[in-house]
S.K.: 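Would you mind keeping the following structure in view while I ask a few things?
All chains are named by letter (A, B, ...) in the order of the sequence lines, taking the proteins before the strands, and each is independently numbered beginning at 1.
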Amino acid sequence: MTPRRAFLPLPREFFARSVLEVAPELVGAILVRELPGGGRLTGRIVEVEAYDGERDLACHASRGRTPRNETLYGEPGRAYVYLCYGMHFLLNAVSAKAGYPAAALIRAIEPLDGREAMRPGRSVSVTASRPERIASGPGRLSRAFHVDLSLNRIDLCAKGPLWIAPGEPVRPRDLVRGPRIGVESAGAPWNRKAWRFGLRDHPALSVRF
DNA sequence: CTCTCGATGTTCT
DNA sequence: GAACATCGAGAGG
């Protein structure tokens with residue numbers, strides 16, 4: 001019998017901490033997607049950003065609680081999925097204790113199992129020539145892993161349609177950080193916080209550090 | 001490589 | 001109307 005990896009989900013306590021601890025530790029972890037029709041997609045998380053509370057003007061919760069961001073205020077360890085720019089679904093892991101809105105945005109994944117079932121962008125040319133970049137961006141990874149609004153609020157701490165398992169440890173020198181992407185308009189100091197974490201020089205990064 | 005711009009829908013002013 | 005945690009095409013260097 002082939003020793004197949006168990007991919008046990010990370011426990012809820014992992015996510016029930018400050019997102020500034022959770023986000024960097026998610027780098028290197030494994031995202032597992034069970035497709036409705038059968039088939040499993042897996043990939044290594046190589047880039048994550050932290051969004052921390054109502055005071056963080058780049059966080060969706062900065063203007064208070066709304067129907068859209070309700071999940072952010074709930075139990076840690078759940079998926080917060082929302083529609084961005086009218087056409088991309090972005091995947092977050094809710095962090096901190098319930099009632100405190102914080103989440104880690106998963107921004108890029110190195111494809112592992114099930115690559116043939118990952119959906120490329122509308123342009124075949126880009127991803128066909130660089131298959132390792134099929135999930136190299138928050139919108140692209142959701143498309144590749146078939147993540148949409150139906151997965152909002154699902155539990156990432158239990159086997160189901162989507163969960164996160166521990167990966168191989170990341171050497172400290174391979175973990176790099178820098179300012180978050182696409183949050184210029186949040187203004188200082190929020191657009192300058194070095195709350196983006198990733199694997200040094202990894203080809204699947206959405207943008208180089 | 002860089003820059004610019006349109007797509008597309010929900011939320012806020 | 002404008003803004004928005006994005007992406008990819010097209011033009012230009």
S.K.: Going by an N to O cut-off under 4.0 Å, is there a salt bridge joining A/Glu75 and A/Lys97?
M.R.: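 Salt bridge: no.
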
S.K.: Which Ile, Leu, Val, Met, Phe, Trp or Tyr residues join A/Tyr82 in one cluster when any pair of side-chain heavy atoms under 4.5 Å counts as a link?
M.R.: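 A/Tyr51, A/Leu72, A/Tyr73, A/Tyr80, A/Leu90, A/Val94, A/Leu105, A/Val183, listed by chain and number.
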
S.K.: Which whole-number value in Å describes the distance from A/Met87 CE to C/dT6 P?
M.R.: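 About 12 Å, once rounded to whole Å.
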
S.K.: Please state whether the phosphate of C/dC7, meaning OP1 or OP2, lies under 4.0 angstrom from any side-chain nitrogen or oxygen of A/His88.
M.R.: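 False: A/His88 side-chain N/O out of range (4.0 Å or more) of C/dC7 OP1/OP2.
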
S.K.: What is the separation between atom CD on A/Glu184 and atom C1' on C/dA2, rounded to the nearest whole Å?
M.R.: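 That distance rounds to 18 Å.
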
S.K.: Using atom CG of A/Leu141 as one end and atom P of C/dA5 as the other, report the distance to the nearest whole Å.
M.R.: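 Between P of C/dA5 and CG of A/Leu141: 17 Å.
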
S.K.: Any side-chain N or O of A/Arg140 below 4.0 angstrom from OP1/OP2 of C/dG8?
M.R.: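 The answer is yes; a side-chain N or O of A/Arg140 sits under 4.0 Å from OP1 or OP2.
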
S.K.: Between A/Asp113 and A/Arg33, does at least one N-O distance fall below 4.0 Å, as a salt bridge requires?
M.R.: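 Salt bridge between A/Asp113 and A/Arg33, a charged N being under 4.0 Å from a carboxylate O: no.
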
S.K.: Does this structure show an ion pair linking A/Asp52 with A/Lys193, if we count only N-O contacts that are shorter than 4.0 Å?
M.R.: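 Salt bridge between A/Asp52 and A/Lys193, a charged N being under 4.0 Å from a carboxylate O: no.
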
S.K.: Which listed nucleotide (C/dC7, B/dG9, C/dA5) is nearest to the side chain of A/Pro138?
M.R.: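 Between C/dC7, B/dG9, C/dA5, the one nearest the side chain of A/Pro138 would be C/dC7.
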
S.K.: Strictly by Watson-Crick or wobble contacts shorter than 3.5 Å, is anything paired with C/dA5, and which nucleotide is it?
M.R.: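 Partner of C/dA5: none.
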
S.K.: Using a cut-off of less than 4.0 Å, is there contact between a side-chain N or O of A/Arg107 and OP1 or OP2 of C/dT6?
M.R.: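 Looking at the OP1 and OP2 atoms of C/dT6, one of them is under 4.0 Å from a side-chain N or O of A/Arg107.
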
S.K.: Distance between the P atoms of B/dT8 and C/dG10, in whole angstroms?
M.R.: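 It works out to 15 Å between them.
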
S.K.: For A/Gly139, report the nucleic acid contact type (base, sugar-phosphate, nothing); a contact means any heavy atom under 4.0 Å.
M.R.: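 Counting heavy atoms under 4.0 Å across all strands, the contact made by A/Gly139 is with sugar-phosphate only.
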
S.K.: Using the P atom as the point on both nucleotides, what is the distance between C/dA2 and B/dC5, in whole Å?
M.R.: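 Looking at atom P only, B/dC5 and C/dA2 are 15 Å apart.
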
S.K.: Suppose you measure atom C1' in B/dT10 against the same atom in C/dG8; what distance do you get, rounded to whole Å?
M.R.: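 Between the two C1' atoms, the distance is 22 Å.
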
S.K.: Among the candidates C/dA5, B/dT10, B/dA7, find the nucleotide nearest to the side-chain atoms of A/Tyr80.
M.R.: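 Of the options given, the side chain of A/Tyr80 lies nearest C/dA5.
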
S.K.: Cation-pi check for A/Phe89 against A/Arg143: NZ or CZ below 6.0 Å from the six-membered ring centre and within 45 degrees of the axis, yes or no?
M.R.: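 No; the conditions do not both hold, so A/Arg143 does not lie above the ring face of A/Phe89.
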
S.K.: So, does A/Thr66 get its side chain near the phosphate of B/dT11, meaning an N or O under 4.0 Å from OP1 or OP2?
M.R.: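 It does not, given that no N or O in the side chain of A/Thr66 lies less than 4.0 Å from OP1 or OP2 of B/dT11.
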
S.K.: Measure from CG on A/Asn152 to P on B/dT10 and round the result to the nearest Å.
M.R.: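 Distance, rounded to whole Å: 14 Å.
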
S.K.: Do we count A/Tyr51 as stacking onto C/dA5 if the rule is ring centres under 5.5 Å and planes under 30°?
M.R.: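 Per 5.5 Å and 30° rule: yes, stacked.
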
S.K.: Write down the partner of B/dT8 under the Watson-Crick or G-U wobble criteria, each distance required to be under 3.5 Å.
M.R.: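 For B/dT8, the partner nucleotide comes out as none, under the 3.5 Å rule.
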
S.K.: Take the protein atom CG of A/Leu90 and the nucleotide atom C1' of C/dC7, then report the distance between them rounded to whole Å.
M.R.: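 So the CG-C1' distance, A/Leu90 to C/dC7, works out to 11 Å.
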
S.K.: Between A/Glu34 and A/Arg40, does any side-chain N to carboxylate O distance fall below 4.0 Å?
M.R.: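 So A/Glu34 pairs with A/Arg40 through a salt bridge.
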
S.K.: What is the distance, to the nearest angstrom, from the CG atom on A/Asn69 to the P atom on B/dC12?
M.R.: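 So the two atoms are 8 Å apart, to the nearest Å.
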
S.K.: For A/His60 and C/dT6, what is the distance between atoms NE2 and P respectively, to the nearest whole Å?
M.R.: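 Answer to the nearest Å: 9 Å.
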
S.K.: Rounding to a whole Å, what distance do you find between A/Tyr82:OH and C/dA5:P?
M.R.: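 After rounding, the gap between these two atoms is 6 Å.
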
S.K.: For A/Ser185 and A/Ser136, find the nucleotide of DNA chain C closest to each by heavy atoms; which residue's nucleotide sits nearer the 5' end?
M.R.: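 By nearest-heavy-atom nucleotide position, the 5'-most residue is A/Ser185.
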
